[in-house]
Undergrad: 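Below you'll find the structure I mean.
Note that this is a predicted model, so its numbers are computed, not measured.
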Amino acid sequence: MNSYPAEFSRLMSLGVRPAGIASVWLRFAPQASTNINIEMKPEQILSITCVDEVDPLSRTLPTESVTVEIIDFDGTLDPDNPRASKLYYGRYYMIDIRLGLESDTSPDTTIMGPELHYFSTRVPTYSNGILKFTGTRLFGVMLDSYTNMPVQVSDMLELTKSVFSQVGLASSEYSIPSGLTSRGVDLGAMLPIASCTNTLLTIANQCGYQLRTNNSGQVQMSYELYSNLTPTLITSRDILETPSVETIPLVRDIIIDISNVKNKTLVSSEMEEIGSLVGLYTTGVTHHEFVEFTSCPYLPNGAWPPDISYGIVNGTITHAEIYRSGAYVDFTVTSSEKEVEITFKSRTVSQYNMCRVFHVNNDGEDEQISNPLENGSWHISSLAQMHGEYLNDNRRTYTISYRGDPQIEVMDIIRVQLPYYGVIECLVLRTELTLSTSYTGILLVKPIEKLKGKIASAIAGQAVAGQAVAGVK
C-alpha cells in the first residue's frame with residue numbers, strides 16, 4: 001500500500017470526497033551539465049492517468065505507465081517550438097508527480113502523497129493547446145538494454161546482480177531477496193539474448209517472485225503474494241457501476257519443461273551420428289577437412305568438452321579440433337581406390353522425462369512452464385503447486401470501476417463488497433487511477449479467501465525468507 005498521511009486516508013474514506021490535486025515537475029537534462037526543472041501549477045494539469053499491473057506468477061512483464069495532459073495554449077513546451085525543442089534532446093526526461101487532496105477543513109490546505117518518479121523517452125504530442133506526456137517507471141527504462149550471460153556465477157543472486165550492473169543501475173536503485181543465494185544456477189542452461197527486463201522476468205518466474213518498481217522508486221524482486229494485507233475497504237457506495245466478471249480457465253496439469261537440465265539421468269546410452277564425411281582421397285599426404293554437425297553435441301553437465309566419439313574407415317585420423325558446429329580433421333588414407341568415411345557421434349538426450357507433469361485437477365487445460373533457468377531442483381514441485389493453486393482456486397477476476405484511491409497499489413490485499421458474496425478479501429492485479437478534478441479508478445482484483453495460508457505453507461521452501469539486499473532503505 002502506498003504511504004500517505006493519515007489525514008489523506010481520512011479524506012479518502014468520506015462519502016463525498018474533496019477535490020483532488022497534483023504536483024507535477026518536468027525535469028530535463030538536454031546536456032550533461034545542464035538541468036532544467038519546470039513546475040506545472042495545479043490549474044495547468046488537465047488530467048493524470050497512472051496504470052500499474054503485475055502478474056503474480058511473473059509470466060508477463062509488469063505495466064507501469066503514466067499519461068499527463070497539460071494545458072499549454074502558448075505552446076511553451078510544444079516540441080515544434082524551437083525554444084522548447086532543445087528540452088527533448090536528452091536520452092530521457094523525468095516526470096515527477098505527487099498526488100493529493102484539498103482539505104475539507106481548510107480550503108488553502110493540501111495533503112500530498114509521496115513523489116512518484118517516471119521516465120520518458122518519447123517527445124510529447126501537442127494538439128489544440130494540450131500537451132500529452134507519457135512515461136514509465138524505472139523498470140520500463142531498462143527495456144532497451146540487453147544482457148550478456150555472465151561467464152561464471154554461483155547462484156541466482158550473483159546472476160541477478162550481474163543483470164543490474166549491465167543495465168547500469170546502482171545498488172541503491174534495486175532491491176532483491178538475499179534468499180537467492182540458496183538457488184544454484186545451471187550454466188548449461190544458457191539465457192537467451194533478451195532485454196534486461198525479460199532476463200529479470202525469467203529469474204523471477206523461476207524463483208516464484210514478483211517483479212516491479214516499488215513505491216520507493218527501486219526495481220524490486222520479492223515475494224509479495226498474499227502478504228500485503230491492507231485496511232482498505234471498497235463498499236458499494238464507492239463502486240460506480242456493476243463489476244464485470246471474467247473466469248480463469250480451469251487447469252488440469254502443470255507441465256514444467258526441464259529440457260535444459262544437463263545431467264546423466266536424461267542421457268541415453270545410445271550414440272547418434274551428428275556428422276559425416278565421405279569421399280575419395282589420395283594416399284601419402286595428410287588431408288585437412290571440416291565436418292559439419294547436423295545437431296549440437298551433448299555437453300556433460302553443460303560444460304566443455306562435449307561427449308563425442310569419432311572414427312574413420314580406410315584411413316587414420318591424426319588430429320581433430322571439435323567445435324559446437326563441427327570439427328576440423330587431419331587424416332591419412334590407406335587406399336586411394338576406396339572411399340574414406342569419417343563419422344562423428346554424440347550421446348543423445350532422451351526426449352522421455354524432458355518434462356515434469358504435476359496433476360492438479362481432473363479436468364481443464366494444461367499450464368506449460370518453460371524457463372531456461374529451470375534445473376530440476378528440489379523446489380520444482382512447490383513451483384508447480386503455486387501455479388496450480390493460484391490458477392484453480394477462486395477462478396474469477398473482477399474489473400471494478402470505483403471512486404479511485406491513490407493509496408492502493410498492485411499486490412495489495414483489500415476488502416471489496418461484491419454482489420452475491422458480501423465483503424471478501426481480494427488481491428489487486430491492476431490499478432488504473434485518473435485524476436481530473438477528482439479521482440476515478442479501475443481495479444482488476446482476484447478473490448483469495450480460499451488461498452490465504454494455503455499457498456504460504458505450500459511454498460515455504462520456495463520463497464526463502466531473508467532481508468532484501470542492495471538498496472533497501
Side-chain angles (χ1 to χ4, degrees), residues 1-28 35-52 64-72 77 93-120 124 131-140 172-173 212-218 220 228 230-234 238 402-412 414 428 431-443 472-473:
M1 186 173 184
N2 286 318
S3 177
Y4 278 76
E7 178 65 8
F8 190 98
S9 299
R10 185 191 72 82
L11 291 172
M12 292 302 298
S13 66
L14 297 177
V16 179
R17 292 180 177 164
I21 62 169
S23 168
V24 175
W25 279 86
L26 302 175
R27 305 186 188 277
F28 302 92
N35 293 321
I36 301 174
N37 301 326
I38 302 175
E39 182 180 12
M40 299 288 104
K41 298 179 180 178
E43 57 268 22
Q44 293 178 269
I45 303 170
L46 184 63
S47 69
I48 297 174
T49 301
C50 303
V51 178
D52 292 276
E64 302 173 337
S65 65
V66 68
T67 302
V68 181
E69 290 185 323
I70 303 293
I71 299 173
D72 184 20
L77 295 175
Y93 56 91
M94 292 188 64
I95 305 171
D96 296 337
I97 298 173
R98 293 183 70 191
L99 301 174
L101 289 173
E102 292 181 358
S103 173
D104 61 343
T105 57
S106 175
D108 296 329
T109 303
T110 60
I111 298 90
M112 303 298 291
E115 193 169 62
L116 306 176
H117 304 285
Y118 292 88
F119 301 82
S120 182
L131 268 170
K132 181 183 287 188
F133 295 88
T134 58
T136 182
R137 302 297 294 275
L138 179 59
F139 186 81
S172 60
E173 295 180 293
R212 65 190 183 95
T213 304
N214 62 24
N215 53 20
S216 298
Q218 298 172 311
Q220 174 179 296
N228 295 337
T230 72
T232 304
L233 170 63
I234 297 179
D238 300 311
Y402 77 119
R403 290 178 179 268
D405 186 346
Q407 298 173 107
I408 299 175
E409 62 178 337
V410 290
M411 302 309 298
D412 279 350
I414 63 175
V428 179
T431 67
E432 181 177 329
L433 182 72
T434 299
L435 170 58
S436 181
T437 305
S438 62
Y439 290 105
T440 57
I442 299 175
L443 293 176
V472 172
K473 298 180 180 179

Undergrad: List the steps, then state whether side chain to side chain contact (heavy atoms under 4.5 Å, CB included) holds for Leu11 with Ile111.
TA: CA-CA 9 Å; Leu11 291 172; Ile111 298 90; 3.6 Å; yes

Undergrad: Pro231 and Met1: which non-hydrogen atoms are nearest, and at how many Å?
TA: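 Nearest pair, atom of Pro231 first, then Met1: CD-SD, 4.1 Å.
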
Undergrad: Could you tell me which non-hydrogen atom of Met12 sits nearest to which non-hydrogen atom of Asp405, and how far apart they are?
TA: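 Scanning both residues, the minimum pair turns out to be CE-CA, 3.6 Å.
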
Undergrad: Any chance you could lay out the side chain to side chain contact (heavy atoms under 4.5 Å, CB included) test for Ile414 and Leu233, step after step, and finish with the verdict?
TA: CA-CA 6 Å; Ile414 63 175; Leu233 170 63; over 6 Å; no

Undergrad: Within this structure, what is the NE2-OG distance for the pair His117 and Ser216, rounded to the nearest 0.5 Å?
TA: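 Those atoms lie 9.5 Å apart.
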
Undergrad: Verify whether one side chain among Ser103 and Glu7 offers a donor that lies under 3.5 Å from an acceptor in the other.
TA: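 Their side chains do not contain a donor-acceptor pair, so the 3.5 Å distance test is not met.
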
Undergrad: Under the 3.5 angstrom rule, does the side chain of Asp52 hit a backbone N or O of Glu409 as a donor-acceptor pair?
TA: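 No; judged by distance alone, with no hydrogens or angles, the pair does not exist.
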
Undergrad: So, Thr213 side chain and Phe139 main chain: donor-acceptor pair closer than 3.5 Å or not?
TA: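 Pair found, side chain donor or acceptor close to backbone of Phe139.
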
Undergrad: For Leu138 and Glu173, what are the C-alpha separation, side-chain angles and deciding distance, and is it a side chain to side chain contact (heavy atoms under 4.5 Å, CB included)?
TA: CA-CA 9 Å; Leu138 179 59; Glu173 295 180 293; 4.2 Å; yes

Undergrad: Any heavy-atom pair between the side chains of Ile45 and Ile70 that's under 4.5 Å?
TA: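 They are in side-chain contact.
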
Undergrad: Which heavy atom of Ile442 sits nearest a heavy atom of Tyr402, and at what distance?
TA: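 Residues Ile442 and Tyr402, closest heavy atoms: N-CE2, 3.9 Å.
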
Undergrad: Find out whether Gln44 and Asp72 are in side-chain contact, i.e. whether some heavy atom of one side chain is under 4.5 Å from a heavy atom of the other.
TA: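 A side-chain contact is absent here, since even the closest heavy-atom pair is not under 4.5 Å.
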
Undergrad: Given Leu443, which partner from the list Ile408, Leu433, Asp412 fulfils the side-chain contact (heavy atoms from CB on, under 4.5 Å) test?
TA: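 Among the candidates, only Ile408 passes.
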
Undergrad: Does NZ or CZ of Arg137 come closer than 6.0 Å to the centre of the six-membered ring of Tyr118, within 45° of the ring's axis?
TA: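 Yes, cation above the ring, under 6.0 Å and within 45°.
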
Undergrad: Hey, could you give me the CG/CG distance between Leu46 and Leu435, rounded to the nearest 0.5 Å?
TA: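 One gets 10.0 Å once the value is rounded to the nearest 0.5 Å.
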
Undergrad: Of the non-hydrogen atoms in Phe8 and Leu99, which two are nearest, and what is the gap between them?
TA: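 That would be CE1-O, 4.4 Å.
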
Undergrad: Are Thr134 and Thr67 linked by a side-chain donor-acceptor pair shorter than 3.5 Å?
TA: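 Side chains of Thr134 and Thr67: no pair found under 3.5 Å.
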
Undergrad: In the structure I gave you, are the side-chain heavy atoms of Tyr4 and Pro406 within less than 4.5 Å of one another anywhere?
TA: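 Of all side-chain heavy-atom pairs linking Pro406 with Tyr4, at least one is under 4.5 Å.
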
Undergrad: Would you compute the distance between atom CD of Gln407 and atom CG of Asn2 and round it to the nearest 0.5 angstrom?
TA: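 Reported value, rounded in 0.5 Å steps: 8.0 Å.
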
Undergrad: Closest heavy-atom contact between Tyr439 and Gly20?
TA: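 Smallest heavy-atom distance, with atoms named: CE1-CA, 4.0 Å.
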
Undergrad: Can you tell me how far apart CD1 (Ile38) and CG (Leu77) are? Round to the nearest 0.5 Å.
TA: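 Answer rounded to 0.5 Å: 5.0 Å.
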
Undergrad: Compare every heavy atom of Ala22 with every heavy atom of Pro42, then report the nearest pair and how far apart it is.
TA: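 Closest approach of Pro42 to Ala22: CG-O, 3.9 Å.
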
Undergrad: Atom CG of Asp96 and atom CD of Glu115: how far apart are they, to the nearest 0.5 Å?
TA: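 These two atoms lie 4.5 Å from each other.
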
Undergrad: In terms of ring plane angle, is the pair Tyr93 and Phe28 parallel, tilted or perpendicular, where the classes change at 30° and 60°?
TA: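 Tilted: the ring planes of Tyr93 and Phe28 meet at 30° to 60°.
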
Undergrad: Distance from Ser23 atom OG to Lys41 atom NZ, nearest 0.5 Å?
TA: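 Reported to 0.5 Å precision, the distance equals 12.5 Å.
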
Undergrad: Could you walk me through whether Leu26 and Ile95 pass side chain to side chain contact (heavy atoms under 4.5 Å, CB included), step by step?
TA: CA-CA 5 Å; Leu26 302 175; Ile95 305 171; 4.0 Å; yes

